[in-house]
Amino acid sequence: MSKSSTVTVRERPVEHVATATANGLTIHGETLIIQTDQRIELVDLTDRVMNFVRQFPVREGMVSLWSMHTTCALIINEAQKALHADITRVLEEMVDRDAEWMHNDPQHSDCDRMNADSHLRAMLLGHNLTLQISGGEVVLGQWQRILMAELDGPRARSLRIQIFGVS
Amino acid sequence: MSKSSTVTVRERPVEHVATATANGLTIHGETLIIQTDQRIELVDLTDRVMNFVRQFPVREGMVSLWSMHTTCALIINEAQKALHADITRVLEEMVDRDAEWMHNDPQHSDCDRMNADSHLRAMLLGHNLTLQISGGEVVLGQWQRILMAELDGPRARSLRIQIFGVS
Amino acid sequence: MSKSSTVTVRERPVEHVATATANGLTIHGETLIIQTDQRIELVDLTDRVMNFVRQFPVREGMVSLWSMHTTCALIINEAQKALHADITRVLEEMVDRDAEWMHNDPQHSDCDRMNADSHLRAMLLGHNLTLQISGGEVVLGQWQRILMAELDGPRARSLRIQIFGVS
């Protein structure tokens, strides 16, 4: 490894929309673009995911959400302004933006975003949610919301959503 | 967003038991209720999950566990009293229960559980495990146990378990 | 629970290779062995996972990676030497190796590895990744790499990889 980060290259880029079916099983993936406005921001994707799932003839199955970025995470929590401020605060306290991270040091890194904190915070939250579908709808508790955690915005973020199940 | 948290509403509630099959593929979901006794407690669900999986004609596949709560997480770790005390300690040290969290402040939040710490700790652990099934049994290492982390008990907690695979 | 950790016992051990098919659906699992050299080390598995997936007639689906160990985690992040040093540093700062953990105390634990820190750090990172497959290849963003986080090496580590999808 050098000062540069390794680039991941597929033989062909992911298609915006891809579908496969096999004897009653449906698999369908799409790319979602989410625009963020702040450096750290929680975006509630619950309604979008629930509406996506309702479009397909899938009664029982799974739906996977994947952040295509290293500095943008996916979590479950409540959607409440006060709690979202607390989430931002705890991330800022757990990983100090201004510590002398090597990723922010031009001697060791060719990244000019100075975003080591964003990488480290995303690592603690995770980049993927694999949810269940039952009765044609996403399985979520009453207070559970699907939140995208922007940790180095504002940016246009790509998420991949994939439904997988039977009717 | 207001002082209240957004409520997630399905068109119809999750059925306690739901099954779908398609040409050799079985998908089956159920709700498990787990009663906890302490505010913070780790409950070992391994035997329950392993026995659940053995009931179905699924040789290769997956089993998903989903906590229906924001303040109750699912993790993999050893089941040992000493380590569980250490897990409680590290969670208490990483997220201070008594800090002035906005979620606990009636000026900003209508939640009367004063449980910001529980939300923040659960966020760090995660609410879902997606395990592999092979040879008709759950794939786990010798020391791996499936643990439910109660972070705001005692409560009756709902988990959703879903098996997905072929015989 | 005693000073010992509970052992997880399947009726039969996981087979090194296992396959099932059902009307166009392929499920295939294998065990990978990864040798590590340091106590804390990040191993880039991206090319290995991408090449594994390309072997199978799966156009749309999922691939699951499961660490068979409690002290070895799986994460997504960039592969860059500087950032990997930062990841090690943040883990060491968040969970102090030399604190008086009960898991390291012979009065409370029969584990002689003195590795409470490894257990606690792995818990924060997670033991599983469930990735999407689309167009016959793993779905990853340009800077995303699949990293195994060794937290108590050097060791030979077992991972289980399972592909699940249709052609």
Side-chain angles (χ1 to χ4, degrees), chain A residues 1-15 18-25 27-29 31 62 64-73 94-96 99 101-105 107-111 116-117 119-124 126-130 158 160-162 164, chain C residues 21-26 42 44 46-47 49-50 53-54 58-62 64 73-91 93-94 121 124-126 128-147 149 164-167:
Chain A
M1 283 183 290
S2 68
K3 287 165 73 169
S4 305
S5 296
T6 311
V7 176
T8 300
V9 184
R10 287 169 45 115
E11 290 172 6
R12 281 184 299 178
V14 182
E15 303 262 350
T19 302
T21 56
N23 293 287
L25 174 65
I27 307 176
H28 180 97
T31 304
M62 290 191 232
S64 161
L65 270 177
W66 186 270
S67 161
M68 301 287 283
H69 307 274
T70 49
T71 59
C72 177
M94 290 179 72
V95 181
D96 180 5
W101 303 112
M102 286 182 67
H103 183 68
N104 297 348
D105 178 350
Q107 273 204 292
H108 297 285
S109 168
D110 65 0
C111 171
D117 63 308
H119 285 281
L120 299 171
R121 292 167 184 169
M123 177 184 75
L124 297 174
H127 297 81
N128 169 234
L129 292 171
T130 306
S158 299
R160 189 77 183 175
I161 186 167
Q162 186 193 54
F164 197 125
Chain C
T21 55
N23 293 286
L25 174 65
T26 297
L42 296 174
D44 187 343
T46 317
D47 294 342
V49 174
M50 290 182 85
V53 167
R54 288 190 186 111
V58 169
R59 188 164 52 81
E60 305 296 315
M62 291 191 232
S64 161
L74 290 161
I75 61 171
I76 293 293
N77 225 308
E78 283 188 21
Q80 184 209 40
K81 196 175 175 184
L83 184 64
H84 290 194
D86 294 335
I87 289 173
T88 299
R89 176 178 159 192
V90 87
L91 290 170
E93 288 177 359
M94 290 179 71
R121 292 168 184 168
L124 297 174
L125 300 185
N128 168 235
L129 293 171
T130 307
L131 300 112
Q132 299 176 23
I133 296 169
S134 187
E137 296 183 273
V138 181
V139 174
L140 284 169
Q142 180 181 12
W143 302 107
Q144 289 187 319
R145 307 295 288 180
I146 301 167
L147 304 175
F164 198 126
V166 309
S167 60

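Quick caveat: nothing in here was measured; it's all calculated off a predicted structure. Throughout, protein chains are lettered first and strands after them, A, B, ... in sequence-line order, and every chain is numbered starting at 1.
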Q: Kindly compute the distance separating CZ (Phe164(A)) from CD1 (Ile133(C)), expressed to the nearest 0.5 Å.
A: 8.5 Å
Q: Could you check which of Cys111(A), Gly29(A), Ser67(A) has the highest count of heavy-atom pairs closer than 4.5 Å to chain C?
A: Ser67(A)
Q: Could you have a look at Pro13(A), Ala99(A), Ser5(A), Ala22(A) and say which one has the most heavy-atom pairs with chain C under 4.5 angstrom?
A: Ser5(A)
Q) About how many Å separate CZ of Arg89(C) and CG of Leu120(A), when rounded to the nearest 0.5 Å? A) 9.0 Å
Q) Relative to chain C, which of Thr19(A), Asn104(A), Asp96(A) shows the most heavy atom pairs under 4.5 Å? A) Thr19(A)
Q: Examine whether an atom of His119(A) lies under 4.5 Å from a heavy atom of chain C, and if so say whether it belongs to the side chain, the backbone or both; otherwise answer neither.
A: both
Q | Segment of Leu83(C) engaging chain A (4.5 angstrom heavy-atom cut-off) | A | both
Q: Check each atom of Ser158(A) against the heavy atoms of chain C and say whether the ones under 4.5 Å are side chain, backbone, both or neither.
A: neither
Q: Please check if the side chain of Gln80(C) supplies one atom and the backbone of Lys3(A) the other of a donor-acceptor pair under 3.5 Å.
A: yes
**Q.** Member of Arg12(A), Arg10(A), Arg160(A) meeting the side chain to side chain donor-acceptor pair (under 3.5 Å) criterion with Ser134(C)
**A.** Arg160(A)
Q: Give the member of Gly61(C), Gly126(C), Gly135(C), Ala85(C) that has the highest number of heavy-atom pairs under 4.5 Å with chain A.
A: Gly61(C)
(Q) Below 4.5 Å, heavy-atom pairs only: which of His108(A), His69(A), Met62(A), Glu15(A) has the largest tally toward chain C? (A) His69(A)
Q) Taking all atoms of both residues into account, what is the closest heavy-atom pair of Ala122(A) and His127(A), and its distance? A) CB-NE2, 3.7 Å
(Q) For the interface with chain C, which of Thr21(A), Thr130(A), Asn23(A) has the highest count of heavy-atom pairs at distances below 4.5 Å? (A) Asn23(A)
Q: Select, from Leu125(C), Ile87(C), Ile75(C), Leu91(C), the one with the greatest count of heavy-atom pairs under 4.5 Å involving chain A.
A: Ile87(C)
Q | chain A contacts, top residue of Val90(C), Asp47(C), Asp44(C), Asn77(C) (heavy-atom pairs, under 4.5 Å) | A | Asn77(C)
Q) Where does Leu124(A) contact chain C at under 4.5 Å (heavy atoms): side chain, backbone, both or neither? A) both
Q. Is there side-chain contact between Met68(A) and Val139(C), with at least one heavy-atom pair below 4.5 Å?
A. yes
Q: Rounded to the nearest 0.5 Å, what's the gap from OG1 on Thr46(C) to CD1 on Ile146(C)? Could you check?
A: 5.0 Å
Q: With a 4.5 angstrom heavy-atom cut-off, could you sort out which part of Ser109(A) is near chain C: side chain, backbone, both or neither?
A: both
Q. Under a 4.5 Å heavy-atom cutoff, which of Leu147(C), Leu129(C), Val138(C) has the most pairs with chain A?
A. Val138(C)
Q. Can we say Glu78(C) and Arg145(C) salt-bridge, meaning some charged N sits less than 4.0 Å from an Asp/Glu carboxylate O?
A. no
Q) What part of Gln107(A) lies closer than 4.5 angstrom to a heavy atom of chain C: side chain, backbone, both or neither? A) neither
Q.
Rounded at 0.5 Å granularity, tell me how far CE in Met94(A) sits from CD in Glu93(C).
A. 11.5 Å
Q) Roughly how far, to the nearest 0.5 Å, is the CD atom of Gln144(C) from the OG1 atom of Thr70(A)? A) 7.0 Å
